[in-house]
Colleague: 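Got a structure for you, written out below as structure tokens; questions coming shortly.
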Amino acid sequence: MTLVLQGIGVDAGIGTAIGRVVMLARGNIQVEPRMLDHGDVEQEVKRFLHAVEEAAAQLRKIRQQIPKETPADILEFIDTHLLMLEDKAISEAPVQLIREEGCSAEWALQLRRNQMIKVFEEMEDAYLRTRRDDLDHVVNRIMGILVGERKQDPWDIEGHIIVSEDLTPADTIMLHHQGAAGLVTEFGSPMSHTAILARSLGIPAVVGAHGATTLLEPGETVVLDAGNGAVLCECDASTLDFFCHQIQREQAHRHSLQALRHAPAITRDGEQITLWANIELPEDIATVRESGALGIGLYRTEFLYMNRERLPDEEEHLEAYLKVVRGLEGLPVTIRTLDLGADKPCAHHPESTACINPALGLRAIRLCLKETAIFRTQIRAILRASAEGDVRLMLPLLTNVWEAQHARAIIDDEIHNLQGAGVPIDPDIPIGAMLETPAAAITAEHFARLFDFLSIGTNDLIQYTLAVDRSDDSVAHLYDPVHPAVLQLIDHIVQACREQEKPVSICGEMAGDPRYLPVVLALGLKTLSMQPSALLEAKQRIRGLYWWKLRRHSARLLQDDDPMQIQRQVAQLGEE
Ligand code: PEP
Ligand code: MG
């Protein structure tokens, strides 16, 4: 009998995947104290050293299997673990404990880990403190061998469905590079950055599937049905057959949408809509081109900072930006400055996620205005990239006009410095702001006056307006993009931009969600930036809609105070 595990689906254009489960173990393996008989000591030392060697051999094998095109920072990550394994601090001290105290190998390793963690935690340097994660990875690998844990290697994942308690955005990038077919997590919600990234990388996922790590078995074949937010296991032949056909239907549909690649996104009554793409990595430009996007409305640059030991320098920033700018061949590229923090942890700035409520903490522009050297490095690279194409610079998460003024002063200073040094840049580079907090939305006219363009970040705007953590699946049912408060804030921003004659776009996930597309148009937005995988579907939808019919509905939509009634109106708008 087929068993169904329910969660929340993240449809990445590809909604279905079938594959065997790889369980990504999280958390540390804990062992009980065990003392040895005197005669067993040397045998135990041998057993321990063999486990260390075996762990290193596993890592070397993994390193060889990683495809050539994998970014260097991921290799760096594995090299660090290899170096740690070779370091005497990990391998020699437990041997001493086994010999001198008669501890079992597992117990000696755990004692050593605890000692080292204490040292890490007492370190002044915030970055070094975060190295404890690496220590845990390495210790867990040795411990897994000692306790005989027979789990599949998490790196052997091509074509597999990855099951985990949770995944960071950095994990998701690594899994993508390893060819994962789908992701299932116990926690997380569809608006988390991990889910957004999965969507953008074209990996279907089911998040918030509670019990997944205990109910699913490593190696068993499951169906991931993101469209229905379900994971099916113990499927009989006819169910598997149905989903194999489903995969073929999805492929055929995607193929048929390709016919619209060069067609304009124009409503039935002739209104031109501009469709841009959101990207996370320079590699995404291939899918951007396939989607027929007319530019990039949001380039999330924080992924440059993940899975790596060092902060990226100016040249690395520039190289990434130029790849995108040149790949877009003259189309606009909106580069958003660093938005680390909240659910995008960064080893270099643990304080951005270590506080009780990181979503309200030192995130995005707040971090940049504190760590101005990091901000300036990125600004210089963006300005240098602007010499080679239509580059636009965008600042995230503003709440105050003074933040905007402070950031603009830094940008002006760097423009001045680069021009003084004779470095080619576009001195008139358009500078914009993301409006994604209620404070910024309510005072949108101030921001519209200060900036060349605005973009509405509905993912955060909804989170902060409705006080719903976007990455917490237990409140996902309250995350309502068409809540009257959200609609009114979007409308207010659009009006403010119209009055100031400033362009406005929308770049939150709402823009690419077929359910909300008519609402977004009804509110007067004509430039929409979305995941490349959603773009052709959106274009098809737009070509079937009447702009003025939608606009006529906006007053009714904005007056309604009953969220259920609004949901009904939204469904009707889509049908008309
Ligand atoms: C948003 O908040 O809507 C947005 C596009 O930015 P991010 O999802 O990266 O926070
Ligand atoms: Mg945001």
Side-chain angles (χ1 to χ4, degrees), residues 10 168-170 172-173 188-201 207 275-281 284 296-306 334-346 352-353 358-368 392 394-399 403 432-441 444 447 453-472 476 479-483 486-487 489-490 493 504-513 516 519-520 523 525 527-532 534-535:
V10 178
T168 63
T172 309
I173 296 176
S189 98
M191 285 303 142
S192 69
H193 281 98
T194 297
I196 290 175
L197 193 58
R199 213 175 277 127
S200 150
L201 296 170
V207 297
L275 297 183
W276 283 344
N278 293 351
I279 65 164
E280 281 77 32
L281 303 165
D284 295 340
I296 296 200
L298 170 65
Y299 174 7
R300 292 182 168 98
T301 56
E302 45 281 2
F303 295 95
L304 263 173
Y305 294 75
M306 293 179 185
T334 313
I335 306 179
R336 176 178 76 182
T337 59
L338 185 58
D339 181 8
L340 279 174
D343 64 338
K344 279 176 290 189
C346 170
S352 64
T353 43
L360 301 182
L362 194 63
R363 187 191 152 184
I365 194 71
R366 301 169 181 187
L367 183 64
C368 289
R392 304 158 19 114
M394 184 160 77
L395 305 168
L397 209 80
L398 296 160
T399 45
E403 283 171 327
M434 281 185 78
L435 295 201
E436 43 186 350
T437 62
F447 292 93
F453 65 92
L454 298 182
S455 186
I456 309 176
T458 46
N459 304 340
D460 278 314
L461 184 61
I462 298 165
Q463 149 164 279
Y464 293 122
T465 305
L466 304 182
V468 173
D469 184 339
R470 62 190 270 189
S471 45
D472 182 349
Y479 190 94
D480 179 7
V482 291
H483 186 288
V486 175
L487 296 184
L489 289 178
I490 297 176
I493 299 171
V504 59
S505 58
I506 172 169
C507 62
E509 294 297 288
M510 187 180 174
D513 186 326
Y516 304 125
V519 182
V520 166
L523 291 173
L525 283 153
T527 303
L528 282 44
S529 193
M530 61 191 70
Q531 299 298 334
L535 201 136

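As the structure lists them, so they are numbered: ligands from 1, and atoms in each ligand from 1.
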Colleague: Give me the residue, atom name and distance of the protein heavy atom closest to atom 4 (C) of ligand 1.
Modeller: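 Checked against all protein heavy atoms, atom 4 (C) of ligand 1 sits closest to Met434 CE, 3.5 Å.
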Colleague: Of all the heavy-atom pairs spanning Pro481 and Tyr516, show the shortest one and how long it is.
Modeller: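 Scanning both residues, the minimum pair turns out to be CG-CE1, 3.5 Å.
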Colleague: Looking at every non-hydrogen atom in both residues, tell me the closest pair between Thr337 and Glu302 and how far apart they are.
Modeller: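 The answer is O-OE1, 4.3 Å.
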Colleague: Tell me: protein heavy atom nearest atom 9 (O) of ligand 1, and distance?
Modeller: Arg300 NE, 2.7 Å
Colleague: Atom CG in Leu281, atom OH in Tyr299: separation rounded to 0.5 Å?
Modeller: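 The distance works out to 7.0 Å.
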Colleague: Closer than 4.0 Å to some heavy atom of Arg470 - which atoms of ligand 1 meet that?
Modeller: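 Answer for ligand 1: 2 (O), 7 (P), 8 (O), 10 (O).
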Colleague: Could you pull out the closest heavy-atom pair between Arg363 and Pro358, with the gap in Å?
Modeller: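 Distance-wise, the nearest heavy atoms are CB-O, 4.3 Å.
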Colleague: Just heavy atoms, cut-off under 4.0 Å: does Ile196 contact ligand 1 by side chain, backbone, both, or neither?
Modeller: side chain
Colleague: Would you mind running through ligand 1 and noting each atom that sits below 4.0 Å from a heavy atom of Asp460?
Modeller: 1 (C), 2 (O), 3 (O), 10 (O)
Colleague: Applying the side-chain contact (heavy atoms from CB on, under 4.5 Å) criterion to Gln463, which one of Thr437, Thr458, Val468, Asp469 satisfies it?
Modeller: Asp469
Colleague: Answer yes or no: is there a donor N or O on one side and an acceptor on the other, between the side chain of Thr334 and the main chain of Leu298, under 3.5 Å?
Modeller: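 Flag not set: sc Thr334 to bb Leu298 has no pair under 3.5 Å.
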Colleague: Quick test: of every protein heavy atom, which one is nearest to atom 7 (P) of ligand 1, and how far off is it to 0.1 Å?
Modeller: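 Scanning the protein heavy atoms, the shortest distance from atom 7 (P) of ligand 1 goes to His193 NE2, 3.1 Å.
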Colleague: Just go through Glu509, Glu436, Arg363 and tell me whose heavy atom is the nearest to atom 2 (O) of ligand 1.
Modeller: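 Shortest heavy-atom distance from atom 2 (O) of ligand 1: Glu436.
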Colleague: What protein heavy atom lies closest to atom 6 (O) of ligand 1? Include the residue and the distance to one decimal.
Modeller: Arg336 NH1, 3.0 Å
Colleague: Using atom types as modelled and distance alone, determine if a side-chain donor or acceptor of Thr301 lies under 3.5 Å from a backbone N or O of Arg336.
Modeller: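 A pair under 3.5 Å: yes.
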Colleague: Indicate yes or no: at least one non-hydrogen side-chain atom of Leu461 is less than 4.5 angstrom from one of Met510.
Modeller: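 No, their side chains stay 4.5 Å or more apart.
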Colleague: Can you tell me if Arg199 uses its side chain to pair, donor with acceptor, with the backbone of Pro190 under 3.5 Å?
Modeller: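 Between the backbone of Pro190 and the side chain of Arg199 there is a qualifying donor-acceptor contact (under 3.5 Å).
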Colleague: Show me which atoms of ligand 1 lie under 4.0 Å from any heavy atom of Asp339.
Modeller: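 What qualifies from ligand 1 is 10 (O).
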Colleague: Look at the side chain of Arg470 and the backbone N and O of His193, then say whether any donor-acceptor pair between them is shorter than 3.5 Å.
Modeller: no
Colleague: Which atoms of ligand 1 are found less than 4.0 Å from any heavy atom of Leu298?
Modeller: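 Numbered from 1, ligand 1 contributes 5 (C).
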Colleague: Atoms of ligand 1 less than 4.0 Å from Cys507 heavy atoms?
Modeller: 5 (C)
Colleague: Quick one: does Ser529's side chain have a donor or acceptor within less than 3.5 Å of a partner on Ala277's backbone?
Modeller: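 Side chain of Ser529 to backbone of Ala277, a donor-acceptor pair under 3.5 Å: yes, one is there.
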Colleague: Among protein atoms, how many N/O/S atoms lie less than 2.8 Å from the Mg ion (ligand 2)?
Modeller: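 Number of qualifying protein atoms: 2.
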